Protein chains: 4
Amino acid sequence: MTGFCDHAWHAVADWFAAMTSHPFLVQLAEGTLPERVFARYLLDDAHYLKAYSAALAALSSRADNPDDRLLLARSAAGSVEGERDLHRAYLLPRGIDPDAPDAAEPTPTCVAYVEGLRAAAALEPFGVGMAAVLPCFRVYAEVGAWITERTRSVGAHPYRDWINTYADPAFAHAVRAAEDLTNRLAVGVREAERERMLAAYVRSTRFEWMFWDAAWRGECWPQAS
Amino acid sequence: MTGFCDHAWHAVADWFAAMTSHPFLVQLAEGTLPERVFARYLLDDAHYLKAYSAALAALSSRADNPDDRLLLARSAAGSVEGERDLHRAYLLPRGIDPDAPDAAEPTPTCVAYVEGLRAAAALEPFGVGMAAVLPCFRVYAEVGAWITERTRSVGAHPYRDWINTYADPAFAHAVRAAEDLTNRLAVGVREAERERMLAAYVRSTRFEWMFWDAAWRGECWPQAS
Amino acid sequence: MTGFCDHAWHAVADWFAAMTSHPFLVQLAEGTLPERVFARYLLDDAHYLKAYSAALAALSSRADNPDDRLLLARSAAGSVEGERDLHRAYLLPRGIDPDAPDAAEPTPTCVAYVEGLRAAAALEPFGVGMAAVLPCFRVYAEVGAWITERTRSVGAHPYRDWINTYADPAFAHAVRAAEDLTNRLAVGVREAERERMLAAYVRSTRFEWMFWDAAWRGECWPQAS
Amino acid sequence: MTGFCDHAWHAVADWFAAMTSHPFLVQLAEGTLPERVFARYLLDDAHYLKAYSAALAALSSRADNPDDRLLLARSAAGSVEGERDLHRAYLLPRGIDPDAPDAAEPTPTCVAYVEGLRAAAALEPFGVGMAAVLPCFRVYAEVGAWITERTRSVGAHPYRDWINTYADPAFAHAVRAAEDLTNRLAVGVREAERERMLAAYVRSTRFEWMFWDAAWRGECWPQAS
């Protein structure tokens, strides 16, 4: 019997296909993605990771099971560390400081995604909150594997370090642990709540695609004048 | 001495100017706004009011002062009633049911705005949460007055009932009460937090413009395939 | 078919029997309760109502159904108004100001009860939070009916106004509405969550008895020296 | 210049004196504390640590500063691990399972303390929540040092392992980190909020004394019949 997460991943197969044919990821894999587009993505990602660690900590505080609380507290800590690494390895060398007063704002898509995660993690039923944060785990594991496969025989690659982050077995292990937790939760709730979990999962996966797309398009906020 | 809210409203003067020159509001005032665009706006508005009443109730639960808690609990109740009236007076006659399984999704802009309000009301410092919900009060009062002024001499107007809602003195009174509360809060916090309040106010005002604009453009979610 | 609330009320029958044989309520009904004990109870009650309105507002913000949100927002508002009336009608004439810097602290029992309600309303599953706030509704309706019955033929009664508050049909109506909501929630969750709801209901009912008892005993906080 | 935490610790000097003269701690240090009293304390402590890790995770999710979020997420994880160690090293060997259906309930004092912490961590201003969780850090560090000092020359001691936990330099380091964070917060808020922080600190310290006292007295819940 397959669990909720495999079912949910199957339900978003079209979105994964759309990601791997999106020029952002195709060019990232080819190593031809313009540096300026990658930098824009990194800035959104720094903003995202800040909210993501907050969402994971909120879920940790709501977990009844000590193992689940521990897993989510560690994931929250890992997400803060991930943001730090991003800063050190990618943003600083590019002279980008997301906290500077004149830093570019995160894109509307990034803001919409992270505010929804923050709200879901703190306010929706626990299982719905977990389903909302999962696609970020699974999508990066799957995208990481997909890019690794396509770039295996390539020698030097401008985005190699970034690619390796998500191809790390430790990351795959974290994904599996979060999915196991969510599979257990899905078994313990009524069908109506499982449907809400699936809807949250699909929405977040769509936001993952939109997140790449916003960086690609250079999405901006409107100006008043 | 003017309070935080007058200062904040002054800071978003460009956005108010942008609203009153946006074709959505210009045509709404002229009575030439296509019915299909207005219906799209109403659907987003129904979704918005649901989250708005939740945000006001969350703020009510966090108010220390009994008068403030009462004001916000009544505002939350009033917002639910506003949503009901919208249903009865506008959506039902148009055959729109936002809760139907096949109902159109709220626009990305609407989702971004409401998720940010839900998160701010529950998770940000109380004054920042209040500042985030205020523009919806003030913008509708100002837009209501602006349209009323422009349509005073007009006889029949297709959107007369809707216009009258926001020109109601009871609404103006509710706006003033929420602003008084926020002015008091702003006095009691440090400059750094007052700046966060202002930033939240500006963001929500921008979302008010974007909300009209999303309905005007018929903003859609991307499709996977 | 009986719903969750009748089942839960049946499960706490022993506690209701313990209340109606507790000297606080026996003497309150007889009109022989020492004024100083009643005043102590009122002080705790003022503190309680503050937290109770916050809990109801938090639950309102978490209700998915607009009718439920409206009911709970109005209950929150009503609870603030109830606290105001208590102030005006009982505390002020006795020269008691619970907000004065030198006011007596609420009892340990009162603090334990209200902190548990605040936490449950904001952090436990919605149905568990509702079950936690319900006993205050039902216990006061039942105690009010019990005292009214026993004092019907009595002429002047020192606590007549207080008694009448809870014998008011409007209060009975509010109780029924909150119970209907909770009965619906109980139908929609799994057995394990229904058991958590029942446990929360029993704990709050026990706290209701302890609340009268703390006033009766003049429960105090320990002193460091 | 001394910070908030030194000032706050000074303000609770009487409570620390009351702890170190309480028979629970005096006999614990002497090694004469009845095993049954220690076991009762451990059961409450297991319950406490569960809520404490939830409170720390909630605070982590609310921290704006990534370093603070990381510290609190790790503290939450450490608190879950502390609870596990307690289980393995103390409860299991004594045949105590706090999660068994027939396990003794935590004492009223324990429940009052943990519900207040859960509520403060999630709902009070961030600094007030931090101030509420701090005494558990500092009191155990100070009590640990006090007992270690008194038992240094003693050979075998029945509670040696337990004593060593809190005399661990890693624990002292965690205390200092949490205090540094809170000192910084206290600098950034207005006097009125700093007073609320101090009040929360004093209340939690009093609960620490009451916690030992509840185990000593064998505090029980009332029975309905």
Side-chain angles (χ1 to χ4, degrees), chain A residues 11-22 50-51 54-55 57-58 61-62 101 105-124 129 132 139 192 195 199-200 202-214 216-217 219-225, chain B residues 11-22 50-51 54-55 57-58 61-62 101 105-124 129 132 139 192 195 199-200 202-214 216-217 219-225:
Chain A
V12 297
D14 283 355
W15 281 112
F16 183 61
M19 288 176 200
T20 53
S21 58
H22 192 288
K50 260 185 204 161
S61 81
R62 297 175 69 202
E105 249 190 297
T107 62
T109 292
C110 175
V111 168
Y113 188 8
V114 305
E115 295 296 310
L117 288 186
R118 288 212 305 158
L123 306 173
E124 297 288 321
V139 161
E195 275 165 25
V202 173
R203 272 196 305 272
S204 286
T205 306
R206 183 170 62 180
F207 267 126
E208 288 292 336
W209 181 91
M210 292 170 71
F211 199 90
W212 311 110
D213 187 60
W216 176 256
R217 289 187 292 119
E219 189 191 24
C220 286
W221 290 92
Q223 301 295 321
S225 54
Chain B
V12 297
D14 283 355
W15 281 112
F16 182 61
M19 288 176 200
T20 53
S21 58
H22 192 287
K50 260 184 204 162
S61 81
R62 297 175 68 201
E105 249 189 296
T107 62
T109 291
C110 175
V111 167
Y113 188 9
V114 304
E115 294 296 310
L117 288 186
R118 288 211 306 157
L123 307 173
E124 296 289 321
V139 162
E195 276 165 25
V202 174
R203 272 197 304 273
S204 285
T205 307
R206 182 170 63 181
F207 267 127
E208 288 291 336
W209 182 91
M210 292 170 72
F211 199 90
W212 312 110
D213 187 61
W216 176 257
R217 289 186 293 120
E219 189 191 26
C220 287
W221 290 92
Q223 302 294 322
S225 56

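Each chain gets a letter, A, B and so on, in the order the sequences are listed, and its residues count up from 1. Remember, predicted model here, so these are calculated numbers, not experimental data.
Looking at B/Trp209, the atoms closer than 4.5 Å to chain A (heavy atoms on both sides) all sit in the side chain, from C-beta outward. Residue A/Glu105 touches chain B through its side chain alone, counting heavy-atom pairs closer than 4.5 Å. Neither the backbone nor the side chain of B/Phe16 comes within contact range of chain A, judged by heavy atoms closer than 4.5 Å. Contacts of B/Arg206 with chain A are made by side-chain atoms alone, with heavy-atom separations under 4.5 Å and no backbone atom involved.
Here the closest heavy-atom approach between residue A/Gly116 and residue B/Glu115 is recorded as CA-OE1, 3.3 Å. Closest non-hydrogen pair, B/Leu117 versus B/Ser204, comes out as CD2-OG, 3.8 Å. When all heavy atoms of A/Thr107 and A/Trp221 are compared, the pair lying nearest together is C-NE1, 3.9 Å. A/Pro108 and A/Cys220 get closest at one heavy-atom pair: CG-O, 3.8 Å.
Between chain A and the residues B/Arg203, B/Met210, B/Met19, the most heavy-atom pairs under 4.5 angstrom are made by B/Met210. Of the listed residues (B/Ala121, B/Ser21, B/Ala119), the one with the most heavy-atom contacts under 4.5 Å to chain A is B/Ala119. Of the residues considered (A/Ala58, A/Ala17, A/Ala112), A/Ala112 shows the highest number of contacts with chain B, using heavy-atom pairs under 4.5 Å.
Side chains of A/Glu208 and A/Tyr113: a donor on one and an acceptor on the other come within 3.5 Å.
Salt bridge A/Arg118/B/Glu124: present, at least one basic N to carboxylate O contact under 4.0 Å.
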